[in-house]
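Along the sequence shown, residues carry numbers from 1. Just so you know, these numbers use all the heavy atoms, side chains as well, and skip hydrogens, waters and symmetry mates. Just so you know, ligand 1 is whichever comes first in the structure, and atom 1 is the first atom listed for that ligand.
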Amino acid sequence: MRIERIELRHVKLVLVAPFVTSMGVETDEEHIIVRVDADGVTGWGESVVEGTPFYSYETTETAWHILRDFLIPAVLGKEISSVADAIALGARVRGHMMAKAGLESALWDAFAKAQGVSLSRLLGGTRERIDVGVSIGIQPSPADLVKKVTGYLEEGYRRIKIKIAPGSDLEYVRAVRREYPDILFQVDANSAYELGDVEIFRAMDGYGLLLIEQPLSHDDIYDHSKLQRELKTPICLDESIHSVADARAALELKSCRVINIKPGRVGGFTESRLIHDLCASQHIPVWHGGMLESGIGRAGNVALASLPNFTLPGDISASKRYYRQDIVEPAFEVARDGTMAVPTGPGIGVQVVPERLEKVTVRRQEFCV
Ligand code: OSB
Ligand code: MG
């Protein structure tokens with residue numbers, strides 16, 4: 001297909017409640033929505049950057065710059081026969097995985113629509129429904145957290161993940177476990193600890209956690225292998241994995257026993273699938289992470305999570321848990337049994353609502369041949 005037009009929209013989505021993690025407090029999300037028009041179809045993608053460089057070095061500004069000045073000029077007006085062609089055209093750009101993923105995901109949607117198949121089908125998905133969990137920010141007290149957990153379990157969520165940080169860790173884990181001894185339960189530190197904190201994690205070993213996500217530095221693989229050796233609980237890497245090469249290094253070093261896949265962190269669905277396949281071949285489970293996406297990014301996440309080795313519930317919650325009104329129809333919902341339907345329509349399988357997209361847009365730029 002020939003890439004005729006690309007549009008970028010810097011959007012600002014206000015969260016229904018602040019999200020507190022070891023990285024800080026988030027009250028809104030500033031993502032970039034990418035629209036690609038080619039051969040009579042429109043593809044939509046979402047770059048999951050944030051306004052701040054606290055999770056990743058990328059920000060809304062850096063991704064806008066990389067897309068506008070490098071990635072879009074590389075593909076605009078070009079005839080491409082696959083998403084892989086487009087990736088090759090932008091491959092000179094090092095890093096900037098979230099910027100790349102925004103464009104890459106829009107192209108996957110366009111190719112799926114051109115073929116009249118769902119994105120799930122095109123990616124190789126095998127499930128009609130996926131198991132989903134919820135990621136709960138740090139609460140003012142353990143009692144507040146237990147209340148939140150109760151509410152989400154009642155809604156049907158199959159797995160609870162809580163954010164932890166030094167000073168807000170063991171007490172919170174203990175409180176949830178005391179109330180709910182049998183639920184699937186995991187923690188995410190977002191790199192807030194050091195190897196010297198091993199005693200805290202040894203203590204967590206007693207609480208039957210499914211996994212401990214990214215305890216150490218965002219760019220570390222080696223120290224995680226030392227920590228993993230000391231623990232029974234599997235370590236899961238998030239921030240440290242940017243490519244299938246990183247995943248291979250982490251598995252060879254035994255730095256983790258589970259991997260969190262976020263397309264935004266690894267440059268898109270293509271690299272996500274390579275990581276998924278590598279892990280499958282080594283019997284390493286993966287699960288789908290989240291970046292508080294709008295319905296556009298969420299639709300892609302749901303499609304990817306329908307692949308067979310996504311055997312643990314993902315951080316893919318209902319639209320209403322994040323935003324009062326999603327920018328797509330229909331909104332994503334969680335059933336009482338803790339599952340979410342994988343859209344079956346062409347491409348991402350949900351419709352972008354133009355007025356709602358316009359309302360959240362703070363900057364827009366069009367690129368035409
Ligand atoms: O570490 O998984 C993370 C949100 C922003 C940045 C990093 C993370 C998260 C989440 C949210 O945990 C998961 C979701 O989208 O529900
Ligand atoms: Mg994480």
Side-chain angles (χ1 to χ4, degrees), residues 13 15-31 46-60 97-98 101 130-139 148-149 152 155 157-165 185-193 209-220 224 234-242 250 256 258-266 272 286-302 304-305 312-323 326 331-334 338 340:
L13 305 155
L15 292 164
V16 290
F19 190 57
V20 183
T21 72
S22 65
M23 306 174 286
V25 184
E26 293 183 60
T27 54
D28 53 48
E29 293 297 310
E30 298 195 49
H31 293 183
E46 179 167 344
S47 181
V48 295
V49 281
E50 302 184 316
T52 52
F54 304 151
Y55 168 78
S56 155
Y57 65 83
E58 292 187 81
T59 66
T60 320
M97 298 316 197
M98 291 180 180
I130 57 166
D131 286 342
V132 297
V134 64
S135 171
I136 307 178
I138 298 170
Q139 301 299 309
K148 278 258 160 59
V149 170
Y152 287 124
E155 286 181 47
Y157 288 101
R158 286 212 168 155
R159 182 227 67 196
I160 298 294
K161 155 172 153 181
I162 64 166
K163 294 289 186 178
I164 56 167
F185 181 34
Q186 64 194 54
V187 297
D188 186 359
N190 288 112
S191 299
Y193 296 85
L209 299 176
L210 205 50
L211 56 90
I212 297 167
E213 185 177 347
Q214 196 72 34
L216 308 180
S217 179
H218 68 96
D219 56 0
D220 170 79
H224 279 97
I235 288 178
C236 168
L237 291 179
D238 172 354
E239 281 90 330
S240 297
I241 306 296
H242 299 282
C256 63
V258 179
I259 289 180
N260 162 330
I261 295 181
K262 293 178 182 172
R265 203 190 59 229
V266 305
S272 295
V286 301
W287 56 281
H288 205 299
M291 290 295 291
L292 314 168
E293 287 86 351
S294 79
I296 294 174
R298 190 165 310 282
N301 294 355
V302 172
L304 182 66
L312 298 173
D315 278 351
I316 303 180
S317 307
S319 299
K320 68 167 190 204
R321 196 184 98 69
Y322 306 91
Y323 305 108
D326 206 336
F332 286 91
E333 287 175 358
V334 175
M340 187 178 277

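Ligand 1 has a nitrogen or oxygen under 3.5 angstrom from a nitrogen or oxygen of Lys161. Residue Leu292 has at least one nitrogen or oxygen atom sitting less than 3.5 Å from a nitrogen or oxygen atom of ligand 1, judged on distance alone. Geometrically, ligand 1 and Ser317 share no nitrogen or oxygen pair separated by less than 3.5 Å. Residue-to-ligand polar distances place Tyr322 within reach of ligand 1: an N/O pair is separated by less than 3.5 Å.
Every atom of ligand 1 is numbered from 1 in the order shown, and the set under 4.0 Å from a heavy atom of Lys262 is 1 (O), 2 (O), 3 (C), 7 (C), 8 (C). Residue contact check: Tyr55 has heavy atoms under 4.0 Å from atoms 6 (C), 7 (C) of ligand 1. Listed by atom number, the atoms of ligand 1 under 4.0 Å from Asn190 heavy atoms are 1 (O), 3 (C). Close approach of ligand 1 to Asp238 is summarised as follows: ligand atoms under 4.0 Å from at least one heavy atom of the residue are 1 (O), 2 (O), 3 (C).
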| query | For Asn301 and Glu293, what are the C-alpha separation, side-chain angles and deciding distance, and is it a side-chain contact (heavy atoms from CB on, under 4.5 Å)? | reply | CA-CA 9 Å; Asn301 294 355; Glu293 287 86 351; 3.1 Å; yes
| task | Using the side-chain contact (heavy atoms from CB on, under 4.5 Å) rule, take Glu29 and Leu15 through it: C-alpha gap first, then chi angles, then the decisive distance, then the call. | result | CA-CA 7 Å; Glu29 293 297 310; Leu15 292 164; 4.0 Å; yes
| task | Start with the C-alpha distance between Met340 and Val302, add both sets of side-chain angles, then the distance that settles side-chain contact (heavy atoms from CB on, under 4.5 Å), and finish with yes or no. | result | CA-CA 8 Å; Met340 187 178 277; Val302 172; 3.7 Å; yes
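When the heavy atoms of Glu213, Lys163, Glu50 are ranked by distance to atom 10 (C) of ligand 1, first place goes to Lys163. Closest heavy-atom approach to atom 6 (C) of ligand 1 within the set Met291, Gln214, Glu29: this belongs to Met291.
Of the angles at the Mg ion (ligand 2), the one spanning OD2 of Asp188 and OE2 of Glu213 is 90° when given to 10°.
Residues Ile162 and Asp188 form no side-chain contact, since every pair of their non-hydrogen atoms from C-beta on lies 4.5 Å or further apart. Counting heavy atoms from C-beta on, the side chains of Glu30 and Glu50 never come closer than 4.5 Å.
For the pair Asp315 and Arg159, the salt-bridge criterion is met [side-chain N within less than 4.0 Å of a carboxylate O].
A side-chain donor from one of Ser240 and Gln214 sits under 3.5 Å from a side-chain acceptor of the other. A donor-acceptor pair shorter than 3.5 Å can be found between the side chains of Asn260 and Glu213. Side-chain atoms of Asp238 and Tyr55 include a donor-acceptor pair closer than 3.5 Å. Judged purely by distance below 3.5 Å, without hydrogens or angles, the side chains of Ser294 and Glu46 pair a donor atom with an acceptor atom.
Taking 2.8 Å as the criterion, Glu239 does not count as a coordinating residue of the Mg ion (ligand 2), since none of its N, O or S atoms falls below it.
Restricting Asp238 to its N, O or S atoms, the one at the least distance from the Mg ion (ligand 2) is OD2.
For atom 9 (C) of ligand 1, the closest heavy atom belonging to the protein is Gly290 O, 3.5 Å.
At a heavy-atom cutoff of 4.0 Å, ligand 1 is contacted by the side chain of Asp188 but not by its backbone.
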